[in-house]
Amino acid sequence: MTARYGVMGNPIAHSLSPQIHQAFAKETRRELHYEKILVEPGNFSRQVKDFFMMGGQGLNITLPFKEEAYVLAQLKTPRCEQAKAANTLWKKDGVLYADNTDGIGLIRDLTRHIDLSNQRILILGAGGAARGIIGPLVDASIASLSIMNRTSERALALQKDFPMIQCLKADFMAAPSALNRCPADRPLSFDVVINATSIASHQSVWDWLIPIQFHQAFCYDLSYTRDGVTPFVEWVLHQGGQAIDGLGMLVEQAAEAFFIWHGVFPNTAAVLSSLR
Ligand code: NAP
């Protein structure tokens with residue numbers, strides 16, 4: 001029987017994971033079935049249990065379930081423990097294991113473009129993806145790491161788990177047009193800005209970032225697209241900055257999950273160039 005894998009999330013229709021894992025499987029000469037699984041809120045743990053009970057071998061987890069996946073797993077790798085969020089699950093001898101490959105995926109792609117040592121880094125967002133990338137960034141000899149998030153409680157919870165990070169106040173105000181603004185009276189300067197929010201709008205929703213001096217920073221968007229540019233990349237380019245999207249990270253984090261499940265590391269460069 002063909003081995004069964006999948007990715008769970010909500011939304012999930014846009015996911016490129018099936019295409020990436022099928023390409024890895026072809027290149028490493030193995031057969032697998034990899035599907036997208038939509039999870040309705042409140043159903044995550046039941047759907048994970050059903051998947052493995054029906055013979056599933058491995059699952060990738062995407063937003064907004066990474067923190068729930070961490071709680072559900074019985075045994076976690078050290079980097080997953082550190083993140084308290086999981087994007088890769090598998091079962092062995094009846095035990096549900098979890099790992100987080102987002103951080104290593106980001107580092108592998110980001111360091112193709114920039115040397116991270118002594119860099120002042122800002123992460124926008126404090127969700128599951130932010131949790132996964134903080135530990136590996138801190139280990140990369142950076143100068144400092146700051147976080148800005150819409151909901152301050154979530155940013156402070158992150159700071160509790162990672163005391164070395166600094167939480168910056170983002171004054172999101174409910175303006176009539178739902179714009180989120182940060183006071184522009186104090187310019188903020190960083191070497192690298194990483195967008196780990198799930199904001200999908202191309203419009204002025206990004207105006208809360210105006211105090212950040214984008215023309216001085218290298219920007220990385222965890223979101224990705226195969227057509228044109230992502231909303232964040234578009235916004236940064238409009239500010240005169242430099243930015244790339246997270247397609248490379250997507251392929252690298254998938255390769256790490258593939259390695260966990262199959263014990264072989266696929267050729268990521270070939271898959272990335274075919275996706276582009
Ligand atoms: P998540 O856990 O749902 O977190 C979403 C984050 O976005 C939270 O910080 C949330 O702030 C913020 N946010 C959402 N809407 C916002 C708005 N309108 N204004 C301001 N902030 C807003 O999602 P996640 O798992 O961290 O994923 C985040 C993004 O990273 C997604 O786009 C995902 O596709 C991408 N990602 C890419 C890769 C890759 O390999 N390239 C890997 C992982 C994730 P609050 O805390 O205030 O709600």
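Numbers for residues simply follow the sequence, beginning at 1. Only a predicted model underlies this, so the values are computations on that prediction, with no experimental measurement involved. Atoms considered below: every heavy atom in the structure, side chains included; atoms not considered: hydrogens, waters and symmetry mates. All ligand and atom numbering here is 1-based and tracks the order in the structure.
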Can you confirm, on distance only, whether ligand 1 has an N/O atom lying under 3.5 Å from any N/O atom belonging to [X]?
X      : answer
Gly125 : no
Arg154 : yes
Arg150 : yes
Asp102 : no
Ile199 : no
Gly128 : yes

When you compare the side chains of [X] and [Y], does any donor N or O come within less than 3.5 Å of an acceptor on the partner?
X      : Y      : value
Thr197 : Asn195 : yes
Tyr220 : Asp109 : yes
Asp99  : Thr88  : no
Glu35  : Tyr5   : no
Asp245 : Thr230 : no

Lys/Arg N to Asp/Glu carboxylate O, [X] vs [Y], below 4.0 Å:
X      : Y      : value
Asp102 : Arg131 : no
Glu40  : Arg46  : no
Glu31  : Lys26  : no

Q) Any side-chain heavy atom of Phe232 sitting closer than 4.5 Å to one from Leu222? A)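 No - every pair of side-chain heavy atoms lies 4.5 Å or more apart.
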Give the contacting part of [X] toward ligand 1: side chain, backbone, both or neither, where contact means a heavy-atom distance below 4.0 Å.
X      : answer
Met249 : both
Arg131 : neither
Ala196 : backbone

Q. How about Phe214 and Trp235: are their ring centroids closer than 6.0 Å?
A.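 Yes, they do, as the ring centres are separated by less than 6.0 Å.
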Among [options], whose heavy atom sits nearest [atom]?
atom                    : options                       : answer
atom 29 (C) of ligand 1 : Leu63, Leu250, Leu222, Thr197 : Thr197
atom 26 (O) of ligand 1 : Ala129, Ala157, Gly132        : Ala129
atom 14 (C) of ligand 1 : Ala130, Ser17, Ser198         : Ser198

Would you mind listing which atoms of ligand 1 come within a distance below 4.0 Å of any non-hydrogen atom of [X]?
X      : answer
Gln253 : 40 (O)
Lys66  : 43 (C), 44 (C)
Ala126 : 9 (O)
Ser223 : 32 (O)

Q | His238 atom NE2, over 12 foreign heavy atoms within 6.0 Å | A |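 No, because the 6.0 Å sphere around NE2 of His238 holds 12 heavy atoms or fewer from other groups.
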Q) Does ligand 1 have any atom sitting under 4.0 Å from a heavy atom of Gly105? A)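 Per 4.0 Å heavy-atom rule, Gly105 does not contact ligand 1.
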